[in-house]
Amino acid sequence: MNDLIQKAAQDLVSAKKAIALTGAGISVESGIPPFRGPGGLWEKIDPLEFAHIDAFMKDPAKVWNFFIKEMKELLDNARPNDAHKSLARLEELGIVKTIITQNVDGLHQIAGNTDVIEFHGNFAWQRCLDCDERFETIKLDVSQIPPRCSCGGIYKPDCVFFGEIIPPHHLLRSEQVASACTIMLVIGTSAEVHPAALMPVIAKQAGAKVIEINLEKTFLTQKTSDYIIMGKAGEIMKRLTSEVERLL
Ligand code: APR
């Protein structure tokens, strides 16, 4: 792993525009389980029954009780780990410009990154289904389920559920930065969900170097990634960032 970390550090230092695409794996060391693979949320509950917009509209109380309340507990207490902090340091060093994240936990912003595209929205906010009013999740009273807005409308987390579209401005900007970058770090994603998983393909086709950081190989590893550094994101990103600082 050492020589791959040195190689990635050299690639990053010589990169003109490095960006990152992150997935649930980067937040596992913050106590937030992934969706797929060992301990994954979708191993316990069926996403089509609890994380699809049709399921929510049909029975919001059930989705709130069996999915959203648990997510709120996990996210309210989560803090950035070494991987998030390393990406914030790489922005400070002028290396990483933008993060495209599939995560809704807001940990990249808390860690200090200032240009984060939240491809699947953000759990920190709720939106009223009737008046479209936003409300901060952390302040939400969940003793009454489903929680309601002062207008009486039901609150829904401001995240993209299955069956919903990616906010067009996030999709467009992600495609733009993916096609303009010279390096894309792909950290902690199974690359199973589209169109997020297309971003590394767009970057590769535009001539960028794609470097995966993951516990396991993914669909990207053979065809799209230049190389994969296998291991935990926290440890790899911490060592990678100190190697970059040594080279600068
Ligand atoms: N370090 C690095 N990688 C890790 C770690 C870790 N500590 N722990 C897990 N991983 C990797 C797993 O090997 C897996 O490839 O992170 C990936 C997590 O994959 P998913 O759980 O599928 O998460 P993600 O790719 O973000 O899912 C995409 O699917 O359900 C939807 O909206 C949800 O945004 C999510 C999307």
Side-chain angles (χ1 to χ4, degrees), residues 1 4-5 8 20-53 55-56 63 67-68 70-71 74-75 78-87 99-108 111 116-124 156-167 170-171 174 184-201 210-222 224-225 227-241:
M1 185 204 291
L4 279 176
I5 287 179
L21 170 71
T22 64
I26 201 170
S27 296
V28 166
E29 294 158 75
S30 296
I32 302 172
F35 294 99
R36 298 169 185 82
L41 216 49
W42 303 150
E43 311 293 315
K44 284 190 280 186
I45 59 170
D46 176 357
L48 296 184
E49 198 183 337
F50 293 99
H52 195 288
I53 187 62
F56 182 86
V63 174
F67 175 48
I68 302 174
E70 185 186 338
M71 281 284 278
L74 285 168
L75 299 189
R79 291 288 165 268
N81 64 55
D82 285 343
H84 299 102
K85 290 173 191 166
S86 300
L87 281 173
I99 297 179
I100 305 169
T101 188
Q102 300 170 83
N103 302 338
V104 295
D105 54 34
L107 293 180
H108 287 303
V116 181
I117 303 173
E118 296 182 305
F119 209 77
H120 293 153
N122 189 322
F123 194 86
K156 171 189 163 294
D158 206 13
C159 314
V160 180
F161 278 47
F162 286 110
E164 289 189 296
I165 61 158
I166 303 300
H170 288 172
L171 180 57
S174 298
M184 180 184 274
L185 296 174
V186 180
I187 310 171
T189 181
S190 61
E192 293 214 5
V193 171
H194 285 241
L198 280 180
M199 297 306 125
V201 178
V210 176
I211 304 169
E212 267 188 286
I213 293 168
N214 200 314
L215 292 176
E216 62 184 10
K217 290 185 177 167
T218 70
F219 294 114
L220 298 171
T221 311
Q222 287 311 330
T224 305
S225 304
Y227 53 93
I228 180 168
I229 308 177
M230 291 182 77
K232 288 189 167 187
E235 181 200 346
I236 292 171
M237 286 308 295
K238 192 171 178 185
R239 287 169 56 184
L240 175 55
T241 305

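Ligands are counted one by one from 1 in listed order, and the atoms in each one are counted from 1 as well.
A side chain to side chain contact (heavy atoms under 4.5 Å, CB included) with E212 is found for exactly one of V186, I187, T224, namely V186.
In summary, the atoms of ligand 1 found under 4.0 Å from a heavy atom of G231, numbered by their order in the structure, are 1 (N), 2 (C). The distance from ligand 1 to the heavy atoms of P34 drops below 4.0 Å at these ligand atoms: 21 (O). Near F162, with a cut-off below 4.0 Å to any heavy atom, the atoms of ligand 1 are 30 (O), 31 (C). Every atom of ligand 1 is numbered from 1 in the order shown, and the set under 4.0 Å from a heavy atom of H120 is 32 (O), 34 (O). Near E29, meaning under 4.0 Å from one of its heavy atoms, ligand 1 places the atoms 1 (N), 6 (C), 7 (N). Of all the atoms in ligand 1, the ones that sit under 4.0 Å from a non-hydrogen atom of G23 are 26 (O). Proximity to A233 (heavy-atom distance under 4.0 Å) selects the following atoms of ligand 1: 1 (N), 2 (C), 6 (C). Near K232, meaning under 4.0 Å from any of its heavy atoms, are these atoms of ligand 1: 1 (N).
Between N103 and ligand 1, a contact under 3.5 Å exists for no N or O pair. Checked by distance only, ligand 1 and G188 come closer than 3.5 Å through their nitrogen or oxygen atoms. In terms of N/O distances under 3.5 Å, ligand 1 is not approached by I213.
Heavy atoms from both the backbone and the side chain of Q102 come within less than 4.0 Å of ligand 1. With a 4.0 Å cut-off on non-hydrogen atoms, N214 touches ligand 1 through its backbone as well as its side chain. At a heavy-atom distance under 4.0 Å, no atom of E192 approaches ligand 1.
Shortest contact from atom 14 (C) of ligand 1 to any protein heavy atom: E216 OE2, 3.6 Å. The nearest heavy-atom contact from the protein to atom 6 (C) of ligand 1 is G25 O, 3.4 Å. With respect to atom 29 (O) of ligand 1, the closest heavy atom belonging to the protein is R36 NH1, 3.0 Å. In terms of protein heavy-atom proximity, atom 35 (C) of ligand 1 is nearest to F35 CE1, 3.6 Å. For atom 8 (N) of ligand 1, the closest heavy atom belonging to the protein is L215 CD1, 3.4 Å. Looking only at protein heavy atoms, the nearest one to atom 36 (C) of ligand 1 is V193 CG2, 3.7 Å. A24 CB, 3.4 Å is the protein heavy atom nearest to atom 23 (O) of ligand 1.
Nearest-residue assignment for atom 25 (O) of ligand 1 (options I236, I229, T189; heavy-atom criterion): T189.
Residue contacts with ligand 1 include W42, since one of its heavy atoms falls under 4.0 Å from the ligand.
Residues M230 and E216 approach most closely at CE-CA, 3.6 Å, considering heavy atoms. The shortest heavy-atom contact between L171 and P195 is CD1-CG, 3.9 Å.
Annotation: side chain of P33 is not in contact with side chain of V28 (no heavy-atom distance under 4.5 Å). Taking 4.5 Å as the limit, every side-chain heavy atom of D105 sits out of range of all side-chain heavy atoms of F123. Contact check for I228 versus N214: side-chain heavy atoms found under the 4.5 Å cut-off. Using a 4.5 Å cut-off on side-chain heavy atoms (C-beta onward), I213 and M237 make contact. Residues C159 and N122 form no side-chain contact, since every pair of their non-hydrogen atoms from C-beta on lies 4.5 Å or further apart.
A donor-acceptor contact closer than 3.5 angstrom is absent between the side chains of T22 and Q102. The closest side-chain donor-acceptor pair between T101 and H120, if any, does not fall under 3.5 angstrom.
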Exercise for review: Would you sort out whether R36 and E192 count as a salt bridge (charged side-chain N to carboxylate O under 4.0 Å, His left out), showing the intermediate values?
Suggested key: CA-CA 9 Å; R36 298 169 185 82; E192 293 214 5; 3.8 Å; yes
Practice item. Could you give me the CA-CA distance, side-chain angles and deciding distance for E164 and K156, then say whether salt bridge (charged side-chain N to carboxylate O under 4.0 Å, His left out) is met? Key: CA-CA 13 Å; E164 289 189 296; K156 171 189 163 294; 3.3 Å; yes
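Atom CG of residue D46 and atom CG of residue L41 lie 11.5 Å apart, to the nearest 0.5 angstrom. Distance CD1/I165 to CD1/I53: 11.5 Å, rounded to 0.5 Å.
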